[in-house]
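First up is the structure itself, then whatever we jot down about it.
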Amino acid sequence: VYIGKENPEEILRPYGIIIGNYGIPQQISGTISVIGPPRMEYANVIGSVRFLSSFLSDLIIGVHGNS
């Protein structure tokens with residue numbers, strides 16, 4: 001989670017960003033992000049990103065296996 005001035009990129013400093021990774025470590029992976037106003041409902045958005053990240057990881061494991 002990056003909020004306002006915590007963002008490493010200056011162009012993103014007016015926003016809040018929540019980042020989540022998904023996939024099979026060392027094999028297949030991706031990242032999902034939500035960019036919104038710095039006063040967004042972080043608890044709700046973080047929960048949604050975690051849910052989607054878990055769902056996508058499970059989907060990838062189902063398609064490709066966990067080997």
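Everything numeric in this text was worked out from a predicted model, so none of it was measured. The figures here come from the full heavy-atom set of this structure, side chains too, leaving out hydrogens, waters and symmetry mates.
The backbone N or O of Tyr22 lies less than 3.5 Å from no partner atom in the side chain of Ser29, so there is not a single donor-acceptor pair. Side chain of Gln27 to main chain of Ile24: no donor-acceptor pair is present (N/O by atom type, distance under 3.5 Å, no hydrogens or angles).
When every heavy atom of Ser57 is checked against every heavy atom of Gly23, the shortest pair comes out as OG-N, 2.8 Å. The two residues Pro38 and Pro14 have their closest heavy-atom pair at CD-O, 3.3 Å.
One finds the NE2 atom of His64 at 8.5 Å from the CG atom of Leu59 (value rounded to the nearest 0.5 Å). Rounding to the nearest 0.5 Å gives a distance of 7.5 Å between CD1 of Ile18 and CD1 of Ile3. One finds the CD atom of Glu9 at 9.0 Å from the CD1 atom of Ile17 (value rounded to the nearest 0.5 Å). Note that CG of Asn21 and CG of Leu56 are 11.5 Å apart. Values are rounded to the nearest 0.5 Å.
Both Tyr2 and Ile11 are members of a single hydrophobic cluster when ILVMFWY side chains are connected at heavy-atom separations under 4.5 Å. Residue Ile32 is grouped with residue Ile28 when hydrophobic side chains (ILVMFWY) are merged at heavy-atom distances under 4.5 angstrom, including chains of intermediate members. In the hydrophobic cluster analysis, where Ile, Leu, Val, Met, Phe, Trp and Tyr join through side-chain heavy atoms closer than 4.5 angstrom, Ile19 is grouped apart from Leu52.
Taking the side-chain contact (heavy atoms from CB on, under 4.5 Å) definition, one finds that Arg13 meets it with Asn7, Glu10, sequence neighbours left out.
Within a 6.0 Å sphere centred on OH of Tyr15, other residues, nucleotides and ligands contribute 12 heavy atoms or fewer.
With contacts defined as side-chain heavy-atom distances shorter than 4.5 Å, the pair Val49/Val34 qualifies. Side-chain contact between Glu6 and Val1 is absent, with no heavy-atom pair separated by less than 4.5 Å.
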